[in-house]
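Below: the structure, in structure tokens.
Note that this is a predicted model, so its numbers are computed, not measured. First the proteins, then the strands, lettered A, B, ... as listed; each starts at 1. Reckoned from all heavy atoms, side chains included, excluding hydrogens, waters and symmetry mates.
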There are 2 protein chains.
Amino acid sequence: MPDRRARRHEATRQEILAAAWQLAGERGLTGWSLREVADAVGMRAPSLYGYFENKDAIYDAMFAQGYQQLLEAVDGLPTAGDPRTVLQDVATAFFDFYVADPARSQLLFLRVIPGFTPSEGSYDLAERTLDRLREVLGSVGINRPEAVDLWTAVFTGLASQQVSNDPDGDRWARLIEPSVEMFLASEPPAA
Amino acid sequence: MPDRRARRHEATRQEILAAAWQLAGERGLTGWSLREVADAVGMRAPSLYGYFENKDAIYDAMFAQGYQQLLEAVDGLPTAGDPRTVLQDVATAFFDFYVADPARSQLLFLRVIPGFTPSEGSYDLAERTLDRLREVLGSVGINRPEAVDLWTAVFTGLASQQVSNDPDGDRWARLIEPSVEMFLASEPPAA
DNA sequence: GTCTATAAATGGATAGAC
DNA sequence: GTCTATCCATTTATAGAC
């Protein structure tokens, strides 16, 4: 068990990240400054440097945290069982995750921040998340690498269109089910 | 025929836009300043204000120009004929357009710039481009609005995955043809 | 039409006191 | 661990001379 000081430090880090997420959600992924984050947690900007080396380190922690959240969302899903049901569930979970926080999705799935590259550790987490998706799809007989790539393209595409072109509606959300059917028809699960 | 002065003015505007595209391509859509654009065209930053009201006006002109380019790419495509061929052509044309300039694609298809909204005129151009796509798809019997939405989702998805996850390869490009087949199987062209 | 000069604000980041 | 003070660079944008 870590000592009190280390835990307090970690708690403050989380507060800072929460404030950054909030601002990113309100003003766009790149639409906030360190001063604003500091204000939001009741600090002055220089104090942030006791918790993060620089702004990119905050983005990196957000990147890792975002994939951690996605990993948990995918982990909570049932595997095996009726392929149609499993695929609808994972498709819906991913879609919901994507549209729930468009700024987060830009950070995780698009290359939007000039000069920012995730650290090796954060990137590993992204890999593990994709591995977990492969497990879920594999559990219902979707194993071809090309099928997995097609799956990610279709559902990032649906979610991205939803966010960009109908942010308050469900124009593309309604296409999740037909998309799964389309996918299943062209990619019949192997035994 | 406009007088020499107006034409020179327009030519300089185009030079400025070309420089902005170049910088956006090299450093990301938001990774450049007015000063750098000015340098690239051999001006000082304040002189740009003789051609564009502000930076967002440059983004707006780029937005319009990008959709103009897409419109021309779609207009150059054959309509009618074998549905499979027509759809492969339009899918490939769109995919190539998207990956040819990821910064342009972020501007046109994603909401990446904090605070920027295209002007009404520029947005109209985007609408006309989508109308033209509807014509092409309609020419081979794809008319249902949901089918068009699904089409845009699938192919923005493929292209976006290609750019973000395999920028120098063809991992998702190779899925264009199977995706068209998948789409056709689930959305048989109406007579 | 382009320049110099500069405003006015904002940004990330560091030094050093407490 | 947090602060004040400040650096230093950068940004968009304007005023006014040439």
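- Contact annotation: the side chain of Thr79(A) approaches that of Arg132(A) to within less than 4.5 Å [non-hydrogen atoms, C-beta and beyond].
- Salt bridge status for Glu10(B) with Arg7(B): absent, with no side-chain N to carboxylate O gap under 4.0 Å.
- Nucleotides of DNA chain C lying under 4.0 Å from heavy atoms of chain B occupy a range whose first and last members, 5' to 3', are dG1(C) to dA5(C).
- Separating the CG atom of Asp56(B) from the C1' atom of dA13(D) is a distance of 13 Å, rounded to the nearest angstrom.
- Ring planes of Tyr67(B) and Phe109(B): perpendicular class, angle over 60° (limits at 30 and 60°).
- Side chains of Trp21(B) and Leu107(B) form a contact here, defined as non-hydrogen atoms less than 4.5 Å apart.
- Within residues 30-53 of chain B, the residues approaching DNA chain C are Gly42(B), Met43(B), Arg44(B), Pro46(B), Ser47(B), Tyr51(B), by heavy-atom distance under 4.0 Å.
- Of the possible donor and acceptor atoms, one in the side chain of Arg104(A) sits under 3.5 Å from a partner among the backbone N and O of Phe97(A).
- Nearest-nucleotide positions on DNA chain C for Lys55(A) and Thr12(B) put Thr12(B) closer to the 5' end.
- Leu184(B) approaches Arg84(B) most closely through the heavy-atom pair CD1-CA, 3.9 Å.
- Heavy atoms of Arg5(B) sit under 4.0 angstrom from primed sugar atoms or phosphate atoms, though from no base atom.
- Using a 4.0 Å cut-off between charged nitrogen and carboxylate oxygen, Asp131(B) and Arg128(B) do not count as a salt-bridge pair.
- Gln88(A) and Thr85(A) share no side-chain donor-acceptor pair at under 3.5 Å.
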